Amino acid sequence: MSRKIKKIGVFTSGGDAPGMNAAIRSVVRTCAFHNIECVGIYRGYEGLMEGDFEPMGPRSVKGIINKGGTILKSARSKDFRTKEGRQKAFENLVKAEVDSLVAIGGDGTFTGAMIFNQEFDFPVMGIPGTIDNDIFGTSHTLGFDTAQNTVVEAIDKIRDTASSHNRLFFVEVMGRDVGHIALNVGIAGGAEEILIPEEDLGLDRLVDSLNKSRKSGKSSSIVIVAEGDKIGKNIFELKEYVDENMEGYDVRVSVLGHMQRGGSPSCFDRVLASRMGVKAVESLMEGKTNYMVGLKNNVMQLTPLDQAIKGKSKINLELLRVSDIMST
C-alpha cells in the first residue's frame, strides 16, 4: 500500500565522493518539481539524531553540481548504531513532519537505513556514493568515474619522473575490498603490473614480471597497488622486497590517499547523480521503500538494500586479460 509522500529528508553519510552534491541537487529539485517539501539533514546520522535539519528548495542547491564533497557534510555515527539513537532520530523526523528519507552513501549508510526502516516502518531509498564502486546492484557508484580520472592524471605525472630517472614507482590507490579503481587506472595509465585484492600475484611472480619488463627494454615501470592487495601487508613492504631482490631500479612509493575523493565531478558522475536523484524521489512517491537506485545496462533500476549490502560487486575479468596483454 503506497503512502502519499509530503516531505523528504536527504542526507550524505560515510566517505565523501564527487557527485554527492549533484545528487543532493537532483533530490531537492525533483521534490520541487512534484510539489514535495524537502529538508537537508546535516552530518548524516549524527544530524538525524540532533535534528539538524534545514528546508531546501531549488535555489538552495544552485551552483553545487560542479562541486566535490558534500554541502550537507558527512560524519560517522556510533550512537545511531544503538536503539536509543535511532529512536531519537525517528522522533526528530516525526516532529519535523518528514515522512521519508533519501540516504546517499555506501554499505554502512545503507545498513543504517535498512535497520531504521525495519524498526520504524519508515520509507527509505539509497543512492550509492563511494569512489570504490564496491556496491552490488549498480555498474557505477557516484564518484567512481571522477576518482579514476583523478588517479590517471596523477599517474601520467608520476610517469614523467619515472622515465626521467629510470625509476620503479609503486602507486597506491584506494580499494580496500575491490580493485575496480586499480584495474581501470592501471590499464589507462599504462602500468606494468596491477595488484588488486581479487588476485594474489605473489612476490616472486611480481619480481619475475618486472625483470621481464626490464629485459624487454623498459627503463622505468609503474605498478598500481590497491590498498587491499594481498601480496604484502603494505606498499612499503613491497618496496623493501623489490629493493632486496632486484637490481638496477631506484624504487619509490607514492600513496595517493584522499586526493582521490576530491575534485569537481566528471560529466558522467553529474549525469548519473541527476538520474539517481530523480529515480529515488519518484520511487518513494510510488510507495517503494528499502531499495537502492542503481545503473544497470544504462537503465535506472532498484535493488533491495539487503542485497546491495550483502552482494559483492565483481571486477571485469576481461580487464585482467587486457592488462596482461598491454604490459607486454
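In this text, all values refer to a predicted model and were calculated from it rather than measured experimentally.
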I196 vs L320, side-chain contact (heavy atoms from CB on, under 4.5 Å): CA-CA, chis, key distance, verdict: CA-CA 10 Å; I196 56 177; L320 281 174; 3.9 Å; yes
Summary of side chain to side chain donor-acceptor pair (under 3.5 Å) pairs that have at least one residue in residues 7-20, sequence neighbours excluded: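 Output for this query lists T12-T70, S13-T109.
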Pairs meeting criterion side chain to side chain donor-acceptor pair (under 3.5 Å) with involvement of residues 169-178, two or more places apart: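 Residue pairs with at least one partner in residues 169-178: there are none.
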Heavy-atom distance under 4.5 Å between the side chains of [X] and [Y], does that happen here?
X: M174; Y: I131; result: yes
X: L319; Y: I187; result: yes
X: I181; Y: F144; result: yes
X: V299; Y: L295; result: no
X: S313; Y: V178; result: yes

Flag if over 12 foreign heavy atoms under 6.0 Å of CD, E153: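 Open: at most 12 neighbouring heavy atoms sit under 6.0 Å from CD of E153.
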Residue of the set V171, N234, I235, V173 for which side chain to side chain contact (heavy atoms under 4.5 Å, CB included) holds with V255: I235
Between [X] and [Y], does any side-chain donor sit less than 3.5 Å from a side-chain acceptor?
X: N117; Y: T289; value: yes
X: Q148; Y: H180; value: no
X: S266; Y: D145; value: yes

Looking at [X] and [Y], does any basic side-chain N land under 4.0 Å from a carboxylate oxygen?
X: K6; Y: E97; result: no
X: K212; Y: D208; result: no
X: E198; Y: K230; result: no
X: R81; Y: D79; result: no

Hydrophobic cluster (4.5 angstrom, side-chain heavy atoms) - remaining members for M114: F11, V39, I41, Y45, L48, M49, F53, F80, F90, L93, V94, V98, L101, F110, F116, F120, F122, V124, I135, M292, L305, I309
Qualifying residues under side chain to side chain donor-acceptor pair (under 3.5 Å), relative to R29, sequence neighbours excluded: none
By ring pair (Phe, Tyr, Trp, His ring centres under 6.0 Å) - contacts of F268 (at least two apart):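 With neighbours one apart ignored, the set is H140.
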Non-neighbouring partners of D132 that pass salt bridge (Lys or Arg N to Asp or Glu O under 4.0 Å), sequence neighbours left out: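 With sequence neighbours excluded, D132 shows a salt bridge (Lys or Arg N to Asp or Glu O under 4.0 Å) to no residue whatsoever.
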Main-chain N/O of I222 paired to E192 side chain as donor or acceptor, under 3.5 Å: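 Yes; at least one donor-acceptor contact below 3.5 Å.
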